[in-house]
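As the structure is a computational prediction, the values presented were derived from the model and not from experiment.
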2 protein chains.
Amino acid sequence: MRRMTARPANAHQARLLKLLRDGGPASRAQLGDRVDLSRSKLAVEVDRLLETGLVVADGLAASRGGRRSHNIRLAPGLRFLGVDIGATSIDVAVTNAELEILGHINQPMDVRDGPVAVFEQVLSMAAKLRASGLAEGFDGAGIGVPGPVRFPEGVPVAPPIMPGWDGFPVREALSQELGCPVMVDNDVNLMAMGEQHAGVARSVGDFLCVKIGTGIGCGIVAGGEVHRGTTGSAGDIGHILAVPDGRPCACGNRGCLEAHFSGAALARDAKEAAQQGLSVELASRLETNGTLTAVDVAAAAAAGDATALDLIREGGNRTGQVIAGLVSFFNPGLVVIGGGVTGLGHTLLAAIRTQVYRQSLPLATGNLPIVLGELGPTAGVIGAARLISDHLFSPA
Amino acid sequence: MRRMTARPANAHQARLLKLLRDGGPASRAQLGDRVDLSRSKLAVEVDRLLETGLVVADGLAASRGGRRSHNIRLAPGLRFLGVDIGATSIDVAVTNAELEILGHINQPMDVRDGPVAVFEQVLSMAAKLRASGLAEGFDGAGIGVPGPVRFPEGVPVAPPIMPGWDGFPVREALSQELGCPVMVDNDVNLMAMGEQHAGVARSVGDFLCVKIGTGIGCGIVAGGEVHRGTTGSAGDIGHILAVPDGRPCACGNRGCLEAHFSGAALARDAKEAAQQGLSVELASRLETNGTLTAVDVAAAAAAGDATALDLIREGGNRTGQVIAGLVSFFNPGLVVIGGGVTGLGHTLLAAIRTQVYRQSLPLATGNLPIVLGELGPTAGVIGAARLISDHLFSPA
DNA sequence: CAACTTTCTCCACTCACAGGACAAAGAAGC
DNA sequence: GCTTCTTTGTCCTGTGAGTGGAGAAAGTTG
């Protein structure tokens, strides 16, 4: 099958494509209501899109009391690949043009194995999805990496937790391998875009998306657009000072948020507690598995273990203090908490909320929801698909 | 004289007006180089602007080897009023259409006297400027207030340091009194716009502008646009936690940045130090004046007083720690320090720089200038004039 | 079957805009 | 003084974007 060759020729067409993507199939009349164009002009642009094959007209909708309308929809064969490279695992998904997930696989992996090994795995996962008949090829791919990215070029820059990726031309390399356009971004930004597109952040202009996984980061959306900062490192909140003279951090400083709360820090603290005999629950898990992860802490907490709950509360308080500062500064309309630790659930959320509502001024917190992400592990891949579709659905 | 009645009819005209404002007078040919329009279309739009009186053609420029060009410039009679209401003083200035300050006066005042008293003073200051022959009237006014503003309506909301202003229709009231369009914003945002227009932040897309005066606040510019947040309280960093279990703050919490460093905090600490006999210099000043202000501390520091220098360094460290967090989060391309305490100069700046460069990651700080504002007390009024001119130079 | 609705198409008219021809005004060389 | 070249600004025509109305197509309702 020939892949997507055309791009929208003008802003009107781009607008229409995005309407169809976000709102699903519609008739010409419905499109006319949502776009500021005369019926005649709209018909012209739709016809041109039909010619390019980007959209198709299939079937007639039920009558609403008059002539039945033609259903206009995005080409049903369009397929986007969403890739979310985490610190310890890879998510790959295929979506259709409406960014609905058709297939999704996850595999453990270590980013520190370097770009070559990781790419091999990503490509084999993509091949598996293709082989399962979900896609004959990909029209575009979005990919998220756990570190700062020089966005226009799609190249990671000085990523702390992924040495060996610095300056690696991710966009170009992947584009060559897959034979389709590729866009690269920070994984946290993609999570934010995912929640914005299909999750809790729909129709919120300014929000923060805090991702707590192996590390900790924050996606920033201002005026509906992702804010990436001057060097692409915006949202890198893991190394904000949380505890003066606190724990040593990999970055060389002390007391960084990430050194006190993150998947890695939680596992470390849980292990210490277990070895000190503070928790029978954690100790038995340590013995069984040989090691502890955030998942064990979550399970222990769910079982009512006091030490585990304390660890989570403590971490939540630290995180909440930092978020309180960000809320005062940025004044978002929503704060989303996501990432691997969402399994810690409401204990974590309650601790964060307490700190934010206590420390920030009422004007900033008065109507500020702080909620868990809605999409879980799919947020990243949906965001990735959204990234590339935004690119492809813009005038060339 | 009849004031500015017309507004640009379309985006092209708006663009041309802003080019003339920011780049000064120019010929049609020069305008053509800076705007993406054919000469014919450009001529049409310029002619229309000439008809409306928004721009004038006066005289011929020197020849550059061919036919001499007509000088196109903004109407020389246009006058904007810039008002910057601080916690303890008011600045009012008149500018021409190019936002050059033609006259500027400053008077001490207390915002807590409430909007009615303050307005009376602002109007009398504006009248004085008009009487001096600098303006026959005002085509628009921008006004900054030291607290959050619901921007579209131009109404302060829940301003901590200016009780009595909550919900007061500043925009509407002032517009009625002055008989011209008015825009209202937070004073810190206006300072940022001022430095962006005519100061150190020219041509920087993402930057922070930290204003340390009676209180402490931060203007945020992202992608060239001021970020105001969901409720207009973005940049309110005075109540970010700086010292766990630190000094009590007026907001009810402890350890807020503003409780540890601001004009007010500095005066308080200096007084304490003087009373404890830690500094002869400060004690003598206290005796002479009966009280101490940040200006006294600056003078003592300039005279080499160790205690005063310590106070400044200490405060700079606290502020620097908070700014370090904001830099990690926002990844700006520039940090501007301004406000009343700029008199503290390089001692303060050095302390802030030390903290930021030490605590934030190299990628964010690698090429990050941290500098004092260039415009001093005029930043606010220039920003105010810029605010209203941006409004008036946009299609109606 | 008539009357009304909704959807879509066609057509004529207006306006935005580009691009080239050309006029105006001066500089530089002969 | 005259020609040639350069720069600036104006005029004119052709093209394509876009609007709005007329009306055809395809239904529903009574």
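Atom CZ of B:R15 is separated from atom C1' of C:dC17 by 17 Å (rounded to the nearest Å). At whole-Å resolution of the value, CD in B:Q13 and P in C:dA16 are 10 Å apart. Rounded to an integer number of Å, the gap from A:D33 CG to C:dC8 P is 11 Å. For B:R48 and C:dC15, the CZ to P distance is 10 Å, given to the nearest whole Å.
Taking the side chain as every heavy atom from C-beta outward, B:P76 and B:N96 never approach each other to under 4.5 Å. Counting only heavy atoms from C-beta outward, the side chains of B:L54 and B:L17 approach each other to under 4.5 Å. Side-chain contact check for A:T230 versus B:F207: every heavy-atom pair is 4.5 Å or farther apart.
Nearer to the 5' terminus of DNA chain D, by closest-nucleotide assignment, is the contact made by B:A43 (compared with the other of A:H12 and B:A43). Map B:S69 and A:K41 each onto its nearest nucleotide of DNA chain D; the residue landing nearer the 5' end is B:S69. Judged by closest nucleotide on DNA chain C, A:D47 is the one of B:S40 and A:D47 placed further toward the 5' end.
The pair A:D390-A:R21 meets the salt-bridge criterion, since a charged nitrogen lies less than 4.0 angstrom from a carboxylate oxygen. Salt bridge status for A:R48 with A:E45: present, with a side-chain N to carboxylate O gap under 4.0 Å. Between B:D47 and B:R28, at least one side-chain N (NZ, or NE/NH1/NH2) sits under 4.0 Å from a carboxylate O, which counts as a salt bridge.
Remark: the backbone N or O of A:E374 is paired with a side-chain donor or acceptor of A:E195 at under 3.5 angstrom.
A 4.0 Å heavy-atom criterion places the boundary nucleotides of DNA chain D facing chain A at D:dA17 to D:dT28, written 5' to 3'.
Taking the centre and axis of the six-membered ring of A:F151, the NZ or CZ atom of A:R228 falls inside the cone set by 45° and 6.0 Å.
Aromatic ring orientation, B:F393 versus B:F80: perpendicular (interplanar angle above 60°, classes split at 30° and 60°).
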What string of B, S and - do you get for nucleotides 21-30 of chain C 5' to 3' if you count protein non-hydrogen atoms under 4.0 Å? B-BBBBS---

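Not one side-chain nitrogen or oxygen of A:R28 sits closer than 4.0 Å to the OP1 or OP2 atom of C:dT6.
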